Amino acid sequence: MAETGVAFSGGGIRSAALCSGVLRRLLQRNAKIDYLSCVSGGGYTGTAYLDWKYRHGKKDDPKWHTEFFDYMRERAGLMCNWQKTLGGIFDTIVLLLLMLFVSVIMPTIVWGSYVCPLAYVIDFIFGDLLRAEDEVEEDCEDPVPGPRRPRPTAGGNATAGERRQRCRIRAGSKAYARIVLFSVLAILFLVLYLAAKKSKTALASKLYIISVISGLLLAFTFIPYFIYYFFNLTPYWMQLIIFVFSIFVWFFFPVLRRRSSFVLVIYLYAYFVYWKVFEATLFGVEYSDYLFYALLFTSGITLYFVPGLGAIQQRLVHVFNRWRLQKAFYTGASVGSTGCGGIGMEDFFLRTFCIRPSKHEQLADNEQGPLTLGDLDGVKPQYLSNIVVNEWLLGETEEELRYELLVFSPTEIERLDRRPGQDQFEGKLEPKDIKLSTAMATSAAAVARHMGAYEKSTESIKQLQIVLGLGMGASMISDLEGVKKENCCWKMLPFLIELLRGLPLVTFPLVYFAGGSENWVAIGVLIFFIVLLVMVILAVMNTGSKTPTKLELVVRWFITNIAFVRFIRELLAVTNEGPMPPPILRLSDGGHIENLAVLPLLKKRLPKIVVVDGGLKTKDIEWGESLLDALELARKKLHCSFNGMDGRDVIEDLKEKFIYTPKGHQPRSYRFKVTYYEKEDEYSKGTKVGEGEILLISPRHPTKGIQKEEPLSWKDALRDIDVDLEAAKWGESPQQDTDEVDDLTFCCCESCHSFKYQKLSNCLCGVFPQHITANQFFTPRMFAAYHREGYNACVEAEAAEFLAADIEIEVTDTA
């Protein structure tokens, strides 16, 4: 029999609720579904259904279906459930503490640990030059008032005139040296940055890292100098204007714009450098050598914990989101009573010592524990998770993008653009290595540091997201099977490297406190920064060659095992170029490429595909945009062709029959044809290899969509499976009237739903069926409304009948 597929789109809990209604109808009619492709919110429903099916003997049954949909409805407030007041208060406190911990406490610890070593290095190398005016004024008659370092007086028995002449000469030479320093650093930064942007060779990464170092040195020398000699002497109102203008330059100067989010971090570091170099008073704290070296010693101790703390900061939001989702919708047999089943140390730390060989290929019957994709092998429908892999360039064409769709399934893991005979993950990353909830939560990482097609729109805040840990994107070791096979010595080596990295900052200050020379501190800090520089160089090297060299293998090991190297690589957005997968996969929401999850089904050339569009639409004209975007990608990547059912161009047909339709007559579905082609190369026209039909399902407002004169009750709608739904939970009928949906304003609790809040809610978080995706605080009533709309749309579209109907399929054997 011809295979069929269903695609559940992104859209958070809104889409999950809509897709659940479609799923109820398809299950009721025993529709044949071979593949279930999900992205983002659609995966909430899709994976939860498969989890329940697995735990019920891998068989469908109306009894547990009813329990499943009731279960989802009651837990619709997955992030903050206010159905019970105490529970809602607790969830709110947890969310606030999470943001405080991730975005305030952790950045302060992680980034603060490097500020003392940096200030010491700047003072050691450039301090005398930056303080030149200060030292010269020691010999002058009228020194500028302010904090000064004690210097031996030069000149001996020289007259006042001779001292002034010497003062002018020295001042002129030092001023010239500073101008040269600032100019050279600025020119190096700009020239090397532009050269790195234009270079297409491996030299680009080296040029780029030198430009970054030059820019940072310029910032950490010029800004402290400016603060001391000019900024502090201006009135407070002028200081405010200068500060705002400097931020304006960062955000609007083209070369600096991509790094504009670093402005706050750089300014804070610069102020600390100013405190050290000029021994000034900062925020009421007066400088002293004892205090500074004590802080330097504390930095060395903190650096031992920074890799772990940084890993937690970067992944905690993702893990929290995954925990809430699986706890809300999965069975207790899979996630346990607390919902934490399957979440382990490896989800926080990408460290080899946390990863051990799998205990089983598949779960035994009735065995408790988290499901992996491998466990679902043979379970129908076959699950396809749509995820974006970022910063990976195959390098086959000049127009290639740095991101692509990565499809996880129970049988394989592949890039959408993978060519026949090309299996980048064979023997490295297997479906049994991927937990079902991981695939679901990663596909739903709508807010991530790497955003696929939306990368340019978030360029200016990407670094800020990394600094503050704001993002639900995931990281995954690409050669997990190889890591599992490493012996204990290799597993302990990362600990040894981390120990040696922070050792100079701990031991050498102790020598100073014990009465040793300050030179020991300088040696310790110098060694520390040399080690960091080596790691930075490793972080920017390419690792994607088909046949990696020994050096590339060493670099891949460091990226996989050393947190600082991984962090720098992500911070600088280093792209892996070549067919070999990056050592660490940077994964985000599949909707960052295509939000309907239809591309994997088109690649399989299925003759029947149902697509449920639960994505955000702010106005009626947008109902066809997601489909048109998906079709355009399918044309480019998969060589598909699309037409209306009567042969008309699909774009014009879609506009006339689905988008530009009068109010009260807007259909909830649109049907069209797809023709599949195989191209031998980029110059050939392609050979037709198959054809099929696609049915799009979308929600409509009761006043806009088609309404039946006599609504069908739930009892009649579900008569063939002898199930009746509680009217108090699901309403009287799949069809809804205006009064039932227009009062679904705001979120969190039922008391928020009121007609008097309608206009305000529409401005802040939308109204049915267009509640914004950011609103993930649904109530059971809101979930039921979208569920009913999904069921009603599925009935109107006759989707179950569409999947069951036979069509003439023309397939050409191209072997």
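Since we're looking at a predicted model, the values are computed, not measured.
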Colleague: Do Trp730 and Phe783 make a side-chain contact, defined as non-hydrogen atoms from C-beta onward lying under 4.5 Å apart?
Modeller: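 Trp730 reaches Phe783 side chain to side chain.
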Colleague: Locate the shortest heavy-atom distance separating Phe768 from Gln736; write the atom from each residue and the value.
Modeller: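 That would be CZ-NE2, 3.9 Å.
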Colleague: Using side chain to side chain donor-acceptor pair (under 3.5 Å), reason through Asp375 and Thr372 one step at a time and then give a plain yes or no.
Modeller: CA-CA 5 Å; Asp375 294 321; Thr372 67; 3.2 Å; yes
Colleague: Can you sort out the partners of His318 under side chain to side chain contact (heavy atoms under 4.5 Å, CB included), two or more places apart, ordered by chain and number?
Modeller: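 For His318 the side chain to side chain contact (heavy atoms under 4.5 Å, CB included) partners, ignoring immediate neighbours, are Ala441, Thr442, Ala474.
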Colleague: Does a sphere of radius 6.0 Å around CG in Leu98 hold more than 12 heavy atoms from other residues, nucleotides or ligands, not counting ones at 6.0 Å or beyond?
Modeller: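 Atom CG in Leu98 is packed in, count exceeds 12.
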Colleague: Can you confirm whether Asp722 is buried at CG, in the sense that more than 12 heavy atoms of other residues, nucleotides or ligands lie under 6.0 Å from that atom?
Modeller: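 Open.
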Colleague: Is Gln326 reaching over with its side chain to a backbone N or O of Gly339, donor-acceptor style, under 3.5 angstrom?
Modeller: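 Judged by distance alone, yes, a pair lies under 3.5 Å.
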Colleague: Could you check whether any side-chain heavy atom of Glu656 comes within less than 4.5 Å of a side-chain heavy atom of Arg648, counting everything from C-beta outward?
Modeller: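 Yes, at least one pair of side-chain atoms sits under 4.5 Å.
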Colleague: Is the side chain of Ser443 donor-acceptor paired with the backbone N or O of Asn386 at a distance under 3.5 Å, no angle test?
Modeller: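 Side chain of Ser443 to backbone of Asn386: a pair is present.
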Colleague: Could you walk me through whether Asp51 and Thr331 pass the side chain to side chain donor-acceptor pair (under 3.5 Å) test, one step at a time?
Modeller: CA-CA 7 Å; Asp51 178 76; Thr331 59; 2.8 Å; yes
Colleague: Any Lys/Arg nitrogen of Glu414 or Lys603 sitting under 4.0 Å from an Asp/Glu carboxylate oxygen of the other?
Modeller: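 Answer for the salt bridge query: yes.
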Colleague: Distance-only criterion, 3.5 Å: show the donor-acceptor pairs between side-chain atoms of residues 795-802 and protein atoms not counting sequence neighbours.
Modeller:
residue, atom, partner, partner atom, Å
Glu796, OE1, Arg668, NH1, 2.9
Glu796, OE2, Arg668, N, 2.9

Colleague: Is the shortest side-chain heavy-atom distance between Tyr383 and Pro431 below 4.5 Å?
Modeller: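 They are not in contact (no side-chain heavy atoms under 4.5 Å apart), so the answer is no.
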Colleague: Do side-chain atoms of Arg635 reach the backbone of Ser641 as a donor and acceptor pair under 3.5 angstrom?
Modeller: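 Looks like no, no N/O pair under 3.5 Å.
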Colleague: How would you list, by chain and number, every residue that makes a ring-ring contact (aromatic ring centres under 6.0 Å, His included) with Trp623, sequence neighbours excluded?
Modeller: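 Partners of Trp623 under the ring-ring contact (aromatic ring centres under 6.0 Å, His included) test: none.
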Colleague: For Ile697, is there any backbone N or O sitting under 3.5 Å from a side-chain donor or acceptor partner on Ser669?
Modeller: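 Not confirmed, Ser669 side chain does not pair with Ile697 backbone.
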Colleague: Between Lys729 (side chain) and Ala784 (backbone), is there a donor-acceptor pair under 3.5 Å?
Modeller: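 Not confirmed, Lys729 side chain does not pair with Ala784 backbone.
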Colleague: Who pairs with Gln28 by side chain to side chain donor-acceptor pair (under 3.5 Å), at least two apart in sequence or on another chain?
Modeller: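 So Gln28 forms a side chain to side chain donor-acceptor pair (under 3.5 Å) with Arg25, Asp720, Tyr791.
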Colleague: With sequence neighbours excluded, what pairs up with Thr438 under the side chain to side chain donor-acceptor pair (under 3.5 Å) test?
Modeller: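 So Thr438 forms a side chain to side chain donor-acceptor pair (under 3.5 Å) with Arg322.
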Colleague: Does the side chain of Ile694 come within less than 4.5 Å of Leu602's, by heavy atoms?
Modeller: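 Yes, side chains in contact.
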Colleague: Mind checking ring-ring contact (aromatic ring centres under 6.0 Å, His included) for Phe68 and listing every partner two or more places apart, or none if nothing turns up?
Modeller: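 Counting only residues at least two positions away or on another chain, Phe68 forms a ring-ring contact (aromatic ring centres under 6.0 Å, His included) with Trp52.
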Colleague: Carefully, step by step, assess Tyr35 and Ser37 under the rule side chain to side chain donor-acceptor pair (under 3.5 Å).
Modeller: CA-CA 6 Å; Tyr35 297 96; Ser37 179; over 6 Å; no
Colleague: For the side chain of Arg605 and the backbone of Val689, is there at least one donor-acceptor N/O pair under 3.5 Å apart?
Modeller: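 No, the answer is negative, given that no donor and acceptor are paired below the 3.5 Å cut-off.
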Colleague: Holding to side chain to side chain donor-acceptor pair (under 3.5 Å), I want the full list of residues that pass it with His771, two or more places apart in sequence or in another chain.
Modeller: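 Partners of His771 by the side chain to side chain donor-acceptor pair (under 3.5 Å) criterion, ordered by chain and then number, come out as Tyr786.
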Colleague: Using ring-ring contact (aromatic ring centres under 6.0 Å, His included) as the criterion, list what pairs up with Tyr330, not counting sequence neighbours.
Modeller: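 Once residues adjacent in sequence are excluded, Tyr330 has no partner under the ring-ring contact (aromatic ring centres under 6.0 Å, His included) criterion.
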Colleague: For Asp716, check side chain to side chain donor-acceptor pair (under 3.5 Å) against everything at least two apart and list the hits.
Modeller: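 For Asp716 the side chain to side chain donor-acceptor pair (under 3.5 Å) partners, ignoring immediate neighbours, are Ser713, Arg719.
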Colleague: Going by ring pair (Phe, Tyr, Trp, His ring centres under 6.0 Å), name the pairs with one or both residues in residues 650-674, residues two or more places apart or in two chains.
Modeller: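 Matches after skipping sequence neighbours: Tyr670-Phe672.
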Colleague: Filter on salt bridge (Lys or Arg N to Asp or Glu O under 4.0 Å), then keep only pairs touching residues 761-786, sequence neighbours left out; what's left?
Modeller: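 Checked against salt bridge (Lys or Arg N to Asp or Glu O under 4.0 Å) - neighbours excluded - the pairs reaching residues 761-786 are Asp743-Arg781.
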Colleague: Any carboxylate oxygen within less than 4.0 angstrom of a Lys/Arg side-chain nitrogen, looking at Arg671 and Glu693?
Modeller: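 Salt bridge flag = yes for Glu693 with Arg671.
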Colleague: Do we see a donor-acceptor contact under 3.5 Å between the side chains of Asp589 and Ser40?
Modeller: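 Ser40 and Asp589 do have a side-chain donor-acceptor pair below 3.5 Å.
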Colleague: Can we say Asp91 and Arg324 salt-bridge, meaning some charged N sits less than 4.0 Å from an Asp/Glu carboxylate O?
Modeller: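 Looking at Asp91 and Arg324, the cut-off is met.
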Colleague: Examine distances only and state if a side-chain atom of Asn643 and a backbone atom of Val650 form a donor-acceptor pair shorter than 3.5 Å.
Modeller: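 Side chain of Asn643 to backbone of Val650, a donor-acceptor pair under 3.5 Å: no, none is there.
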Colleague: Side chain to side chain donor-acceptor pair (under 3.5 Å), that's the test. Do Arg24 and His787 meet it? Break it down for me.
Modeller: CA-CA 9 Å; Arg24 184 194 285 273; His787 178 94; 2.8 Å; yes
Colleague: Look at atom CD of Glu740 and say whether more than 12 heavy atoms of other residues, nucleotides or ligands are closer to it than 6.0 Å.
Modeller: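 Atom CD in Glu740 is packed in, count exceeds 12.
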Colleague: I'd like to know if the side chain of Trp64 reaches the main chain of Lys59, judged simply by a donor and an acceptor atom lying under 3.5 Å from each other, with no hydrogens or angles considered.
Modeller: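 Yes; judged by distance alone, with no hydrogens or angles, the pair exists.
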Colleague: Taking ring-ring contact (aromatic ring centres under 6.0 Å, His included) as the test, write out the residues that go with Phe642, two or more places apart.
Modeller: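 Listed in chain order: nothing, the list is empty.
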Colleague: I'd like to know if the side chain of Ser15 reaches the main chain of Gly615, judged simply by a donor and an acceptor atom lying under 3.5 Å from each other, with no hydrogens or angles considered.
Modeller: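 Such a contact is absent between Ser15 side chain and Gly615 backbone.
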Colleague: Do side-chain atoms of Asp377 reach the backbone of Thr411 as a donor and acceptor pair under 3.5 angstrom?
Modeller: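 It does not hold such a pair.
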